[in-house]
Amino acid sequence: MNVIHSPCAQVAELDEPMRTRKELVRELTVQRDRLTTALESMPQGICMVDETGRLTICNRHFLEMLQLPANAFDDGKTYVDVLSGSPVFGEHIECPVRPYAAEYFAMVWSNGPANVQQQWFDDRVMSITHQPLATGGFIETFDDVTELRRADARIAHMAMHDALTELPNRALLRQRIEETLLHGDPAGFALLYVDLDRFKNVNDTLGHPIGDALLQQVAARLTQQLPTSALVARIGGDEFAVLMRSDTGRGQIAMLAERLICGVSDPYTIEGHDIVIGTSVGIAIAPEHGDDWAALAKHADLALYEAKSAGRGCYRFFEAKLEHSMQAHRALALELHQAIGRHEFELCYQPLINLHPQRINGFEALLRWRNPKRGIVGAGEFVPLAEELSLIVPIGEWVLRHACWRATRWPEPLRVSVNLSAAQFQGDGLVDTVASALRESGLAPHRLELEITESMLLENTEAVLAVLHRLRRIGVSISMDDFGTGYSSLSYVTMFPFDRIKIDQSFTKGIDERPEAGAVIRAVTGLCASLGIVSTAEGVETIAQLDFLSRAGCDEAQGYLFSRPRPEQEIARFLASWEPGESRRAPILSEAGTDPHAEQDDLS
Ligand code: C2E
Ligand code: MG
Ligand code: MG
C-alpha cells in the first residue's frame with residue numbers, strides 16, 4: 001500500500017540534464033523511502049491535508065486507527081468526506097454514542113492549533129493534535145493513549161482506595177465530605193467512625209494473614225448493612241468510616257449504628273479459626289458538629305473514644321463536653337509521662353486478713369501518684385490511662401521492684417501482692433523482671449503474689465497462660481483479682497491452678513441488699529474449697545459482711561473494716577499494734593471516713 005501520496009512522478013517533467021535528473025530521482029527516492037520509514041515507525045497515526053482539503057500523506061497507523069481501507073482516499077474525496085464515512089466518526093451528528101465526533105470536526109475546521117483527548121465508542125482513548133500549516137491545510141496526529149489512561153486510572157484508584165478491602169480510603173472519604181459540604185446538602189450527613197475492639201489480638205495470636213482476611217470480611221459486612229447511597233471507607237488499620245445522609249434523624253442513625261455493631265460482632269470462621277470481634281462507633285453529624293472535614297473527623301474520633309471508654313461494643317454521638325474531657329485527659333496524660341522521671345509514684349499497702357484464725361497474711365501493694373497540682377491520685381484514676389499510654393510497663397516494673405524490696409522488711413511469712421496489667425504480659429519481659437526483682441531484693445519467691453484479672457485471660461489467653469506457668473515455676477503465687485466481673489469467670493478457674501481467688505467487692509457490698517450476691521459468694525468459696533484455692537473477699541467494710549463471709553467459709557478478707565491502704569512507713573506500726581478481732585472493737589471505717597484515699601493524708 002502506498003500511503004504516501006508523493007510528488008515523485010512529477011520529477012520526470014523537471015527541466016534538468018538527464019544525468020542530473022537520474023541522480024535527482026534516486027535522491028528523491030531515497031528521501032521518500034526515509035520519510036516512509038520514519039512515518040511508519042511512528043507509534044502515532046499521522047496525516048497531512050492540503051489547502052484543498054485533500055489528503056497528501058498519511059501512515060499505516062492513521063488508516064488502522066480510523067478503520068479506513070488503504071484506498072479510502074484514492075477517488076479524490078476530501079478528508080472530511082472520508083472521515084465522515086469512517087466507522088469511527090460516521091453518523092456523528094445523529095449518533096448519541098459519538099458525541100466526540102462533532103468535537104473532532106469542529107477542531108478540523110478551526111484555524112488554530114488544538115489538542116483534544118477523546119474516548120471513542122470502542123473505548124479507545126485518543127489524543128489528537130491538529131496543526132494548521134502556513135500554506136493552508138493541516139497536519140494531524142492521533143496518539144492512542146488508552147493504556148496510559150488506564151494506568152493513570154489505576155494509579156488514581158490506588159491513591160483513593162485501600163488495597164486490602166478495595167474500599168475508599170481516608171483521602172476519598174475526605175474528598176467526598178468536602179464535596180458534600182461544598183454543595184451544602186440541606187439534609188446534612190453523619191460521619192460514623194467504626195473501630196474494631198482488640199483487633200491487635202487477632203493479629204498477634206493468629207497472624208497477619210488471618211487478620212487481613214478478617215478485615216476483608218468486616219468490610220464486606222459493613223457494606224452489606226448499609227444503604228447503597230452510603231460510603232464505607234477504611235481509614236486505618238482496624239478503623240472504618242461511614243458517610244451517610246442524616247435526613248432520617250438521630251434515631252435512625254443510632255439504629256444503624258446498632259445494626260453495624262451487631263453485624264460485625266457475629267462470629268467469623270477463617271481458616272478453621274472461630275473469631276469473635278467487637279466494634280465501637282463514634283458519630284458526628286454535619287453541620288451540627290462541624291462544618292469542615294477537620295472538625296467532623298476530630299469529633300467523630302472523640303465520640304469513638306467515648307464509646308471505647310464506656311466499655312466498647314457501643315456507639316456514642318459527639319457532645320461538646322467530650323472536647324473538655326479530652327483536653328483534661330491530654331493534660332493528665334502529659335503529666336503522667338513526666339511523673340516517671342520525677343519519681344512521683346508511691347505504694348500503699350492494705351492488709352489481707354486470714355479469717356480462721358484471724359491474723360495478717362500479707363499486704364496488697366496499691367499504687368498512688370503524688371501529683372504536685374492534683375495531690376494524691378488513686379490507682380483507679382490513672383492506671384487505665386497508664387495502660388492506654390503503654391506507660392504501665394515501666395511503672396509496673398517499678399512497682400514490682402519496690403514492693404519486693406519493701407516486703408523484705410516485713411516479718412516472715414508475710415507476703416506482698418502486686419497487681420499486673422495486660423500490657424505487662426506482652427513480650428518476654430515479665431518473667432525476667434519478676435526474677436530480677438526477687439533476686440535483687442532477696443525476697444523469697446513464695447512471699448510474692450501476682451494478681452491478674454479475668455480480662456487479661458480474655459485477650460490472648462494462651463500467651464498469658466504460658467507466662468503464668470513460667471512465673472509459677474519461679475515459685476511465686478498467682479491470684480485471680482476481681483473475680484466475678486468478667487464474662488465467663490468459672491471457665492478461667494479451670495484454665496490455671498490459681499493460688500487465690502479474690503471475690504470482687506461488688507459481691508461483698510451486695511451481701512446486705514441482694515440475696516444473689518450472698519449466693520454467689522457461698523458458691524465461689526465452696527468451689528475454692530473443693531479445688532484447694534484460697535478465697536479472699538474484697539471490700540469488706542462492715543461487721544455484718546465479715547460475719548456473713550466467715551459463715552460462708554471464706555478464708556481471707558480485705559477491706560476498710562481492717563484497714564485502708566497505708567503508706568509504707570506506717571506498716572511497722574500497724575503490724576506492732578494490730579490484734580485479732582480489733583475490727584469489732586474499733587471499726588476503721590468510722591474513724592477514717594469513706595474517702596478511699598483518706599489514708600494518704602498520712603503520706604509524707
Ligand atoms: P484492686 O486490685 O481490686 O484493689 C482494691 C481496690 O479496692 C483498691 O483501690 C483499694 O483501695 C480498694 N478497696 C480496698 N478495700 C476497700 C473497701 O473496703 N471499700 C472500697 N470501696 N474500696 C476498697 P485502688 O487502690 O484505687 O486501686 C484500684 C485498682 O487499681 C486496683 O483494684 C487494681 O486493679 C489497680 N491497681 C492498683 N495498684 C496497681 C498497680 O500497681 N498496678 C496495676 N497494674 N494496677 C494497680
Ligand atoms: Mg488487686
Ligand atoms: Mg480487686
Side-chain angles (χ1 to χ4, degrees), residues 336 339-340 345-353 362-369 376-404 406 415-426 430 433 437 448-456 477-486 489 498 500-511 535-546 549 556-568 583 587-600 603:
L336 196 55
I340 299 182
F345 295 110
E346 296 170 0
L347 289 182
C348 279
Y349 298 90
Q350 189 180 31
L352 295 144
I353 308 293
F363 292 87
E364 176 172 6
L366 293 162
L367 189 57
R368 299 289 179 263
W369 173 17
I376 298 288
V377 187
E381 290 167 60
F382 72 89
V383 166
L385 181 60
E387 288 172 341
E388 187 189 312
L389 300 171
S390 299
L391 292 176
I392 198 64
V393 177
I395 297 175
E397 180 169 343
W398 176 84
V399 171
L400 261 168
R401 293 185 190 283
H402 197 79
C404 288
R406 178 52 67 176
R415 68 170 203 271
V416 65
S417 299
V418 172
N419 292 284
L420 295 178
S421 288
Q424 292 175 270
F425 282 84
Q426 278 160 21
L430 183 60
T433 306
L448 174 63
E449 184 162 272
L450 300 173
E451 297 193 4
I452 69 152
T453 57
E454 294 167 48
S455 58
M456 294 180 203
S477 312
I478 309 290
S479 84
M480 165 77 88
D481 202 359
D482 304 340
F483 186 77
T485 53
S489 307
F498 289 98
R500 185 179 319 276
I501 280 179
K502 299 183 76 175
I503 304 166
D504 189 67
Q505 53 177 277
S506 56
F507 296 101
T508 311
K509 282 202 173 63
I511 288 174
S535 55
T536 302
E538 299 186 280
V540 183
E541 293 186 355
T542 66
I543 301 223
Q545 290 167 350
L546 177 63
L549 291 162
E556 204 179 59
Q558 175 183 8
Y560 296 167
L561 180 65
F562 303 102
S563 170
R564 289 170 172 275
R566 289 168 178 268
E568 53 192 19
S583 52
I588 296 220
L589 192 64
S590 59
E591 286 166 20
T594 50
D595 174 6
H597 306 307
E599 81 279 2
Q600 274 128 23
L603 286 171

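Both ligands and their constituent atoms are indexed starting at 1 by order of listing. For clarity, every value in this text was computed on a predicted model and none was experimentally measured.
Looking at E387 against ligand 1, nothing comes within 4.0 Å, counting heavy atoms. At a heavy-atom distance under 4.0 Å, only side-chain atoms of P565, from C-beta outward, approach ligand 1. Counting heavy atoms under 4.0 Å from ligand 1, residue Q505 touches it through the side chain alone. At a 4.0 Å heavy-atom cut-off, ligand 1 does not touch T453 at all. Counting heavy atoms closer than 4.0 Å to ligand 1, residue K509 contributes side-chain atoms (C-beta onward) but none from N, CA, C or O. Only the side chain of R368 comes within 4.0 Å of ligand 1, judged by heavy-atom distances.
Of the polar atoms of I392, none of the N or O atoms is found under 3.5 Å from an N or O of ligand 1, judged by distance alone. Considering backbone and side-chain N/O atoms, E541 comes within less than 3.5 Å of an N/O atom of ligand 1. Close N/O approach between E364 and ligand 1 is found [any backbone or side-chain N/O within under 3.5 Å].
With hydrogens and angles left out, the side-chain atoms of E387 and S421 include a donor and acceptor closer than 3.5 Å.
Between R415 and E556 there is a salt bridge, since a side-chain N of the basic residue sits under 4.0 Å from a carboxylate O of the acidic one. With salt bridges taken as basic N to acidic carboxylate O contacts below 4.0 Å, one links R406 and E568.
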Full working for side chain to side chain donor-acceptor pair (under 3.5 Å) between E364 and S417: CA-CA 4 Å; E364 176 172 6; S417 299; over 6 Å; no
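Atoms of the protein (N, O or S only) found under 2.8 Å from the Mg ion (ligand 2) are E364 OE2, N419 OD1, E451 OE1, D481 OD2.
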